[in-house]
Every structure is written in C-alpha cells, then in structure tokens.
2 protein chains.
Amino acid sequence: MTATAAQSSPRKRAGNGAAPRDIADDIGLDALVGHAGYAVRRFQIWIFQDFIRTLGDVDIRPTQYSVLTVIGANPGLSQMAVAKRLGIERARLVHLLDSLEQRKLVKRVKSKADRRSHALHLTTQGETALAKFKRLAAEHERHVEEKIGKENRAQLLRILAGFT
Amino acid sequence: MTATAAQSSPRKRAGNGAAPRDIADDIGLDALVGHAGYAVRRFQIWIFQDFIRTLGDVDIRPTQYSVLTVIGANPGLSQMAVAKRLGIERARLVHLLDSLEQRKLVKRVKSKADRRSHALHLTTQGETALAKFKRLAAEHERHVEEKIGKENRAQLLRILAGFT
DNA sequence: GAAAGATTGTTGTTGACGACAACAATTGTC
DNA sequence: GACAATTGTTGTCGTCAACAACAATCTTTC
C-alpha cells in the first residue's frame with residue numbers, strides 16, 4: 001500500500017449520497033494528522049512488513065529476531081530475564097522458544113544454580129544463523145533509510161532511544 | 001518497565017559456566033539498539049497504552065477513534081473508502097462499525113448511487129461524542145509531549161508525515 | 001441486452017500478539 | 001519446617017492482520 005503521499009489538496013466535501021467517486025483516493029484525514037500515535041502506528045506496520053519481507057527467506061519475524069539477538073549478546077540468561085528485558089510476557093516467550101528450539105537455533109540448559117530456571121544459549125547453528133539474520137536486518141535498516149532519509153532515521157533513533 | 005534510570009540493585013545472580021552474571025536488570029541489548037523497528041515498536045506500545053488509558057472512561061480505542069475521525073471529516077464515505085484510507089481490511093472494519101453502530105455513534109445509510117455500498121455518517125450523538133473524544137485525545141498528545149519532549153514530538157510528526 | 005468480470009459488504013478461519021489466571025517445581029524467608 | 005515468592009508452563013480471552021469464500025450489485029464486453 002505505498003501511499004502516494006500526495007499533498008493535501010484543500011478539498012472540502014459535503015458528503016451526501018451523490019457519487020463520492022473522485023475522492024476515494026484523496027480523503028482528508030484532517031484531525032488525524034497531528035496525532036503522533038497514528039503516524040507511529042502506520043510507520044510501525046510498514047517497518048514490520050519490510051522486516052518480514054526482507055527476512056522472509058529465513059522465516060524470522062521481528063520478535064524472534066529480538067529474542068535471538070538478546071540471547072546471543074547475553075548467553076545464559078533465564079527466560080524471565082529475557083522476557084522482562086524485551087517487554088514480552090514469559091508465557092509468550094515459552095512458545096517463541098519452543099519454535100526456536102525446534103529449529104535448533106536455541107537450547108534450554110537446565111540451570112544448576114536455580115533448578116527452576118533455564119539458561120538460554122544459541123546453538124552453534126544458531127550463531128551462524130544469527131549472523132546471517134543480522135546481515136539481512138541491516139539490509140532492512142537500509143530500506144528504512146531509503147524510506148525516510150538517513151538523517152531522519154538517526155533523529156528517530158535518538159528521539160526514541162529511551163524506549164529501547 | 002520504564003527502566004529509564006539505573007535502578008540496579010547490587011544483586012548477585014547465578015550465572016552458569018560461561019561469561020555473564022549479575023545482569024538481570026542490566027542486560028545489554030547491543031545489536032538491538034540501532035534498529036529503528038524495535039524502538040518504534042516499543043514506543044508504539046507505550047503510546048497506545050496511554051491512549052487507551054486516557055480514553056478509558058469513554059471506552060474508545062485508537063482504531064475506533066481513527067474511524068470516527070475519518071467519518072466525521074468525510075461524511076458519506078463507503079466502508080471500502082474508509083478501510084483503504086486507514087489501511088485496515090474491510091473485513092475488520094465490518095466489526096468495528098458493528099460496534100460503533102451499536103453504540104449509536106455511527107450509522108450505515110444505504111447508498112442510492114451504489115446499492116452495494118453504505119454511506120457512513122456520524123449520528124448527532126456521535127458528533128458530540130467525537131468532540132469529547134478529541135479533547136481527550138489532545139490530552140493524550142500532551143502526555144506524549146511530556147514523555148519525549150515538545151520539539152521531539154514535532155520532529156517525529158514531520159519525519160513520519162508521509163505515512164499518514 | 002445478456003454473459004463475464006470486478007467491486008462491496010459480509011462471514012469465517014488462521015496465526016501473531018498482549019493480558020491474565022492457574023498450576024507444579026523450586027527457591028527464599030522467617 | 002511452614003509459608004511466601006519466583007520460574008516455567010499451560011490455558012483462556014480479546015485484539016489485530018491476512019486470506020478465502022460468498023451473495024448482491026455494478027461494470028464491461030460482446
């Protein structure tokens with residue numbers, strides 16, 4: 001849905017039942033413009049779609065990528081720690097890890113120190129795979145740069161740095 | 001969440017074997033930082049939660065608000081036009097409108113020009129309600145300003161203007 | 001003017017995702 | 001040792017995007 005991003009032509013329309021034909025592609029959002037949440041939502045949908053498409057060959061979704069990245073950077077973390085850090089529920093992480101473990105990318109090692117928890121590690125296969133994922137993710141980031149501009153992307157990261 | 005500050009307690013943690021320990025609350029995201037998608041996702045979650053909370057009394061969610069706003073600004077639109085403009089599936093819009101129509105905020109008028117489509121209008125009750133929603137939404141926007149700063153919010157809107 | 005094709009609203013299914021609740025096993029605390 | 005808290009797990013519920021299929025209705029084409 002690459003919106004044509006046409007500039008708003010001042011089209012004021014009184015919508016009665018008479019043939020709203022021409023405006024189908026040029027609806028004024030009016031009040032919606034100026035809402036940060038709406039812009040962010042649309043942008044986030046675009047970004048995720050591009051990420052999913054760019055990492056489509058390896059079948060890795062954004063959440064899976066974030067889990068792999070955190071585990072790769074901090075081997076031995078418990079599920080609780082990973083969930084808390086990424087802001088996802090531990091109940092949800094269970095399924096994510098089930099999938100990743102089934103694909104032999106991650107292994108759950110029973111922790112000796114705390115026999116309730118699992119220490120999470122990448123498999124050797126998982127490490128080489130993650131390296132490839134990171135290359136594809138970098139390609140995705142280049143798409144973002146092409147979309148909004150290099151400086152704007154940097155600005156964005158700076159503004160939202162507090163949320164990571 | 002909102003662990004902006006280092007609330008680190010000098011707690012000891014059971015790391016096993018390999019490297020890291022005592023990192024439960026201070027996990028390095030490393031590669032995740034620098035990914036626009038991750039920051040945007042976290043920010044979008046925060047924004048929606050604040051929106052839902054701020055408009056909690058009137059029980060209006062972001063998507064519902066966007067639908068009402070578009071219909072209010074462009075009365076007589078068809079469901080297809082609204083769906084396309086907001087980037088939501090027409091199948092999904094059906095349920096959204098069912099809910100809004102049940103609450104007497106929106107009415108589907110059978111279009112005479114095209115008997116397949118419905119012309120969407122706000123009810124008088126819907127218009128007064130939307131006015132209140134807009135006031136609350138403005139309050140929500142102020143929360144965003146407090147969170148990221150007034151200039152940063154303006155920057156954000158400017159950067160993401162192409163997605164609205 | 002009738003057949004073929006496209007569009008609109010609708011219903012349904014699937015899967016990812018967040019929020020909660022309950023549970024067994026284990027740990028920590030008193 | 002009794003009791004509370006934590007960890008992983010299972011389950012349910014609701015939101016949301018992506019499809020597929022369908023009837024009714026337009027549009028196109030011969």
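Throughout, protein chains are lettered first and strands after them, A, B, ... in sequence-line order, and every chain is numbered starting at 1.
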message: So, under a plain 3.5 Å distance rule, would you say the side chain of A:R90 forms a donor-acceptor pair with the base of D:dG8?
response: yes
message: Rounding to an integer number of Å, can you tell me how far A:L120 CG sits from D:dG8 P?
response: 7 Å
- prompt: Going by atom types alone, do B:R158 and B:Q155 pair a side-chain donor with an acceptor below 3.5 Å?
  reply: yes
query: Is any side-chain heavy atom of B:R108 closer than 4.5 Å to a side-chain heavy atom of B:Q79?
result: yes
- prompt: Does B:R115 put a side-chain nitrogen or oxygen below 4.0 Å from OP1 or OP2 of D:dC26?
  reply: yes
task: Ignoring hydrogens and angles, tell me if any N or O in the side chain of B:Q49 forms a donor-acceptor pair with the backbone of B:W46 under 3.5 Å.
output: no
- request: Whole angstrom is fine here: how far is it from CE in B:M80 over to P in C:dT10?
  value: 13 Å
- request: May I have the distance from A:R116 (atom CZ) to C:dT26 (atom P), rounded to whole angstrom?
  value: 10 Å
task: Using atom CG of A:L77 as one end and atom P of D:dT7 as the other, report the distance to the nearest whole Å.
output: 12 Å
- prompt: CG of A:L93 versus C1' of C:dG18: gap in Å, rounded?
  reply: 14 Å
- request: Find the distance A:L97:CG to D:dT7:C1' and express it as a whole number of Å.
  value: 13 Å
Below 3.5 Å is the cut-off: list the nitrogen or oxygen pairs between protein and nucleotides 11-18 of chain D, distance only.
unit_1: D:dT15; atom_1: O3'; unit_2: B:R61; atom_2: NH1; d: 2.9
unit_1: D:dC16; atom_1: OP1; unit_2: B:R61; atom_2: NH1; d: 2.8
unit_1: D:dC16; atom_1: OP2; unit_2: B:R92; atom_2: NH2; d: 2.3
unit_1: D:dC16; atom_1: O5'; unit_2: B:R92; atom_2: NH2; d: 3.2
unit_1: D:dA17; atom_1: OP1; unit_2: A:R41; atom_2: NH2; d: 3.3
unit_1: D:dA18; atom_1: OP1; unit_2: A:Q49; atom_2: NE2; d: 2.7

query: Can you name the residues that form a salt bridge (charged side-chain N to carboxylate O under 4.0 Å, His left out) with A:R153, not counting sequence neighbours?
result: A:E141, A:E145
message: Tell me every residue that passes salt bridge (charged side-chain N to carboxylate O under 4.0 Å, His left out) with A:E89, counting only those two or more places apart in sequence or in another chain.
response: none
- request: Consider only side-chain N and O atoms of B:Q64 and B:R61, and report whether a donor and an acceptor are under 3.5 Å apart.
  value: no
- request: Figure out the CG/P separation between B:D114 and D:dC26, and round it to whole Å.
  value: 6 Å
task: Please determine if a side-chain N or O atom of A:Q79 lies less than 4.0 Å away from the OP1 or OP2 oxygen of D:dT6.
output: no
field: Under 3.5 Å: donor-acceptor pair, side chain of B:T123, backbone of B:K104
entry: yes
statement: Atom CH2 of B:W46 and atom C1' of C:dG18 are separated, to the nearest Å, by 18 Å
